[in-house]
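Report on the structure given below.
Here is the naming used below: chain letters follow the sequence lines, and residue numbers restart at 1 for every chain.
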There are 2 protein chains.
Amino acid sequence: MRIGELAARTGTSRDTIRFYERVGLVEGRRLSNGYRDFAPETVEWLAYVRTAQTLGFTLAEIARHGEELREAPDSADALSALFEQKIQIVDARMAELATLRAELTDRVGTGCPLRAAGRRDAPAS
Amino acid sequence: MRIGELAARTGTSRDTIRFYERVGLVEGRRLSNGYRDFAPETVEWLAYVRTAQTLGFTLAEIARHGEELREAPDSADALSALFEQKIQIVDARMAELATLRAELTDRVGTGCPLRAAGRRDAPAS
DNA sequence: CTTGACCTTGGAGCGTAGTCCAGTGTTTAG
DNA sequence: CTAAACACTGGACTACGCTCCAAGGTCAAG
């Protein structure tokens, strides 16, 4: 698959895909004419990248995870360990969200906002 | 409270606080000598900012929420509505995380990685 | 009065994640 | 054969979120 098709299929711009390649997030072989040629699985991989990204993982982290996956001895055990690790990160983030949610629900119904700073009732002079 | 104390109490650098002020995230009045003077609630507000931020809200969004809170007619109802809104955003993010988590757990125990792109088994020539 | 801690501003610089060219080559359709 | 559609590279530019000066003002202690 060439870059245009991958872009169309993933809703990612060509430039972004080239950028992802530069930072090691995707890898494609090259055709004899120099054009990139991506494997079909790249579509799913990019979808995963997008998801992970919106969850706050940096491209560097995502790339690292991808590499770990590719470099891992391909025993199911090693892979499972990596997934477990990512799940823990996800769980931690969910816990944080739950905390924020609780903070918010606590204040629903009270007249007490999260108090932004700076009231102006005692002038500085 | 002057900037140094606020920085110490929140674990935020002075520069960051000044930056936050520039972008409207915190507001302090000024003492006659030009020094910033922050209300005590700013400590909590900054803690909230940090939390919201790690959850993927941009500073602009957080600032906007803060303003909405300050500008809202201070009826408990209006505030509650705002909180409900934020809770929905939080819930949506949690749902996304749950999806990713499910994707991950699905693959634990299988030998199937998320397939990074680029195998090299059929040369381009 | 000086020293040192603290404050001010403005501006430069940095990492992340793109986005947008310009200039050029390749492939495909008419 | 030519034009359009697609691809390539390199480099400039952007927005966000800081971080780090430099040059100077303020204030309390010695």
Arg2(B) meets the salt bridge (charged side-chain N to carboxylate O under 4.0 Å, His left out) criterion, sequence neighbours left out, with none
Interatomic distance, OG1@Thr12(A) vs CZ@Arg18(A), rounded to 0.5 Å, equals 12.5 Å
Of Leu59(A) and Gly34(B), the one whose closest nucleotide on DNA chain C sits nearer the 5' end is Gly34(B)
For Ser13(B), the side-chain hydrogen bond (donor to acceptor under 3.5 Å, both in side chains) test, sequence neighbours excluded, returns Thr16(B)
> If only side-chain N and O atoms of Gln53(A) are considered, is one of them under 4.0 Å from the OP1 or OP2 phosphate oxygen of dG18(C)?
Replying inline: yes
Bounded by its outermost nucleotides with an atom under 4.0 Å from a heavy atom of chain A, the footprint on DNA chain D reads dC6(D) to dT9(D)
Under 3.5 Å: donor-acceptor pair, side chain of Asp37(A), backbone of Arg30(A):
no
d(Trp45(B) CH2, Ile62(B) CD1) to nearest 0.5 Å is 7.5 Å
Contact check, residues 4-22 of chain A vs DNA chain D, heavy-atom distance under 4.0 Å, returns Gly4(A), Arg14(A), Arg18(A)
Nearest heavy-atom approach of Arg9(B) to Val43(B) is NH1-CG2, 3.9 Å
Rounded to whole Å, the CG-P distance (Leu31(B) to dT8(C)) equals 9 Å
If only side-chain N and O atoms of Arg30(B) are considered, is one of them under 4.0 Å from the OP1 or OP2 phosphate oxygen of dT9(C)?
yes
In short, the helix from dC1(C)-dG30(D) to dG30(C)-dC1(D) is bent end to end, axes from five pairs each side, to 10°, by 10°
Protein-nucleotides 28-30 of chain C N/O pairs under 3.5 Å:
none

Original post:
Could you walk me through whether Arg50(B) and Glu44(B) pass the salt bridge (charged side-chain N to carboxylate O under 4.0 Å, His left out) check?
Top reply: CA-CA 10 Å; Arg50(B) 288 296 191 198; Glu44(B) 293 156 47; over 6 Å; no
